[in-house]
Amino acid sequence: MSVETQKQTLGFQTEVKQLLHLMIHSLYSNKEIFLRELISNASDAADKLRFEALAKPELLEGGAELKIRVSFDKDARTVTLEDNGIGMSRDEVITHLGTIAKSGTADFLKNLSGDQKKDSHLIGQFGVGFYSAFIVADQVDVYTRRAGLPASEGVHWSSKGEGEFEVANIDKPERGTRIVLHLKSGEEEFADGWRLRNVIKKYSDHIALPIELPKEHLGEEKDKPAEPEWETVNRASALWTRPRSEIKDEEYQEFYKHVSHDFDNPLSWSHNKVEGKLEYTSLLYVPGRAPFDLYHREAPRGLKLYVQRVFIMDQADEFLPLYLRFVKGVIDSNDLSLNVSREILQKDPVIDSMKSALTKRVLDMLEKLAKDKPEDYKTFWKAFGQVLKEGPAEDFTNREKIAGLLRFASTSDAGGEQSVSLADYVGRMKEGQDKLYYLTGESYAQVRNSPHLEVFRKKGIEVLLLTDRIDEWLMSYLTEFDGKQFVDVARGDLDLGKLDTEEDKKAQEEIAKAKEGLVERLKAVLGEQVAEVRVSHRLTDSPAILAIGEQDLGLQMRQILEASGQKVPESKPIFEINPQHPLIEKLDAEQDEDRFGDLSHILFDQAALAAGDSLKDPAAYVQRLNKLLVEMSA
Ligand code: ADP
Ligand code: MG
């Protein structure tokens, strides 16, 4: 080995230490994936070199044939991977192999439970990467030089994976990266040609560049050539360029892990070659699990973009709308120019038409998943349902299609699981029903018992129960489905249309008339607190209820706006009373104006509580209630 200069010992970032610890303890049942990760990195390094060489051909330094070589030494117990990709400078080595750049990592690691079984599952959400080398190695040496830098600017990185690493400058004539794994005792099985070949075939067959192993020699040791002969062990062609019929599911799955840095299999994929006015190939995947940073603004998203098989960029997010940001995959265009940049992508009209075609592809793929594999769709919905709910607001054209993919909890499913589709709902509609009813609220437990559902329960009409934070906002964009309007059951003057019989309506009118006096007295007492007082036809069991004005913001939206520090327009509720309820009858008969006032306020405050709202003056409520309790027991 050449002379080392400027030697430095540095500490890993805290998060790296945590991750290393977690990985070594949780992935031992799946050790061989270290090879997949290192090969995946070498392949990325080759992609990056090819891309940079478009503008600076001299980076290829005369060696344009990119490849990965894997070798081993049984006696020394080492496995070595060598690539002639982009390599790393000293600074890059320190950042890339000493820290974790992903934002939100610290939070993610903080939330781990320490329960190894559970955590080992979570780590897949994170992606393991380079550090997986320490699953099988107790020392890792990296020798690397960035393309374009002089041989003297090679770097040697070395670590035992215990909190520190060393870096030093070395002479490295060949561009690229060589990684030497010193296998832990017990991991000798990997210093073996057949084992390595099998692992490569299993996980890395789809890698587009050749992965070479030394040819096995069965003869005498003395017959072995001094220089090994190399043999390519993978298929070495870009997977998406091959015909669909020739690609096995396992190959699609392994390719997914390479592009997505996910640890688990995808739920589904769609591979298409488009010819005609535009020419491109897309391979899109729906992951089975949300990455830990799904809601981080700066989290990577988007597809891997290739132009005529040359890698151009990661995370090209111009090809899909934001509400499909969970989709991973590759797009390879024949129309874009090799020097396309993000700025160009944002303006190019070609991208728009690709985007709408790809969006449709994904929505079709989800429809198919829901139809053919309902269990998998459930998994999808749990992971990404909330993101898909952003769709109707963002994508007007596909609103109906997206609506068909949504799943809700409903009064017909006691478990509160979000499993009811709008098509299911429509299929169960009562005779005479021409609206889709829903109720929003903070939690399933709260809405399930809401007095707003009483009349629907009585008539056996299903109501969708919407309790995600985004739901009220979603419903302001989703006004109809299948030609039928959505109706918020807590809003306005509930009109059940044909679901109420003529007799029902007549009875309602009569009773409203009979209670006009009571309504006037209540208005006088409650005054500014209410927009209106009226007789309800929503209730069977509760004495009173609050309805939201037709145009007013609902509670959820109000709370979201308030939390974000915005000024919320004042809105007053409509107070509705149930004339059949004994408490209301008692109220009607009350001659003492003080007691009438107290009871009215109590009923109003209780209705606010049942709606999940907080009281403006909780102390006054308690005082009034206590006064009443004392009188009762007197
Ligand atoms: P990821 O691949 O998700 O970025 P990794 O932990 O696998 O994360 O790798 C970290 C970084 O180290 C890579 O992004 C890359 O910049 C650098 N790196 C790793 N291996 C190589 C390599 N063989 N050649 C050049 N750079 C590499
Ligand atoms: Mg990687």
Side-chain angles (χ1 to χ4, degrees), residues 12-13 15-20 22-24 27 33-53 59 66-70 79-105 108 123-135 137 140-149 153-159 161 165 167 172 174-181 203-204 206-207 209 211 254-263 287 291-293 299-302 304 311 313-315 328:
F12 283 122
Q13 185 192 22
E15 281 89 70
V16 176
K17 274 185 261 176
Q18 281 172 281
L19 185 71
L20 274 170
L22 184 66
M23 199 154 49
I24 291 162
L27 291 180
I33 57 122
F34 78 89
L35 196 58
R36 170 186 87 192
E37 295 298 325
L38 299 179
I39 288 175
S40 172
N41 286 348
S43 162
D44 288 346
D47 273 348
K48 284 182 204 158
L49 175 66
R50 263 202 213 102
F51 173 67
E52 290 194 17
L59 288 183
L66 302 183
K67 56 177 172 263
I68 303 167
R69 281 183 165 168
V70 182
V79 172
T80 301
L81 282 98
E82 179 148 26
D83 69 63
N84 54 356
I86 191 75
M88 285 176 272
S89 67
R90 185 177 173 120
D91 285 349
E92 285 169 332
V93 166
I94 293 172
T95 19
H96 295 325
L97 308 186
T99 60
I100 305 174
K102 289 181 190 158
S103 64
T105 305
F108 169 78
I123 197 157
Q125 187 178 14
F126 188 85
V128 282
F130 170 79
Y131 300 111
S132 63
F134 288 102
I135 305 172
V140 177
D141 285 289
V142 178
Y143 306 89
T144 186
R145 174 171 67 78
R146 199 178 206 290
L149 292 180
E153 292 200 35
V155 186
H156 174 201
W157 176 101
S158 177
S159 176
F165 61 92
V167 272
K172 189 170 184 298
E174 343 66 58
R175 151 200 92 217
T177 305
R178 183 168 72 249
I179 300 179
V180 182
L181 308 176
Y203 296 107
S204 309
H206 61 81
I207 292 289
L209 56 158
I211 305 169
E254 286 311 323
F255 183 72
Y256 164 76
K257 291 174 192 168
H258 169 60
V259 290
S260 69
H261 302 228
D262 190 354
F263 191 73
F292 76 98
D293 53 5
R301 57 163 184 267
K304 233 176 148 126
F311 167 78
M313 65 178 83
D314 271 318
Q315 299 144 31
K328 304 279 187 214

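Counting starts at 1 for both ligands and their atoms, in listed order.
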(message) Looking only at protein heavy atoms, which one is nearest to atom 23 (N) of ligand 1, and what is the separation?
(response) Asp83 OD2, 2.9 Å
(request) Look only at the side chain of Thr99 and the backbone of Gln13, and say whether a donor-acceptor pair between them is shorter than 3.5 Å. (result) no
(message) Suppose we measure from atom 14 (O) of ligand 1 to each protein heavy atom; which comes out shortest, and what is that distance?
(response) Lys48 NZ, 4.3 Å
(message) As a test of the contact definition, would atom 8 (O) of ligand 1 count as having a protein heavy-atom neighbour under 4.0 Å?
(response) no
(message) Any carboxylate oxygen within less than 4.0 angstrom of a Lys/Arg side-chain nitrogen, looking at Lys17 and Glu15?
(response) no
(request) Identify the protein heavy atom lying closest to atom 25 (C) of ligand 1, giving its residue, its atom name and the separation to 0.1 Å. (result) Ala45 CB, 3.7 Å
(message) Does ligand 1 come near enough to Asp44 that some N or O of the ligand is less than 3.5 Å from an N or O of the residue?
(response) no
(message) Counting non-hydrogen protein atoms only, what is the nearest one to atom 2 (O) of ligand 1? Give residue, atom name and distance.
(response) Asn41 OD1, 2.9 Å
(request) Return the minimal non-hydrogen interatomic distance between Ser89 and Val155, and the atom names on each side. (result) C-CG2, 4.0 Å
(request) Give the residue, atom name and distance (to 0.1 Å) of the protein heavy atom nearest atom 10 (C) of ligand 1. (result) His96 O, 4.0 Å
(message) Please report the interatomic distance NZ(Lys257) to OG(Ser40), rounded to the nearest 0.5 Å.
(response) 12.0 Å
(request) Can you check the number of protein N/O/S atoms within less than 2.8 Å of the Mg ion (ligand 2)? (result) 1
(message) Among all protein heavy atoms in this structure, tell me which lies nearest to atom 5 (P) of ligand 1, with the distance rounded to 0.1 Å.
(response) Phe130 N, 3.4 Å
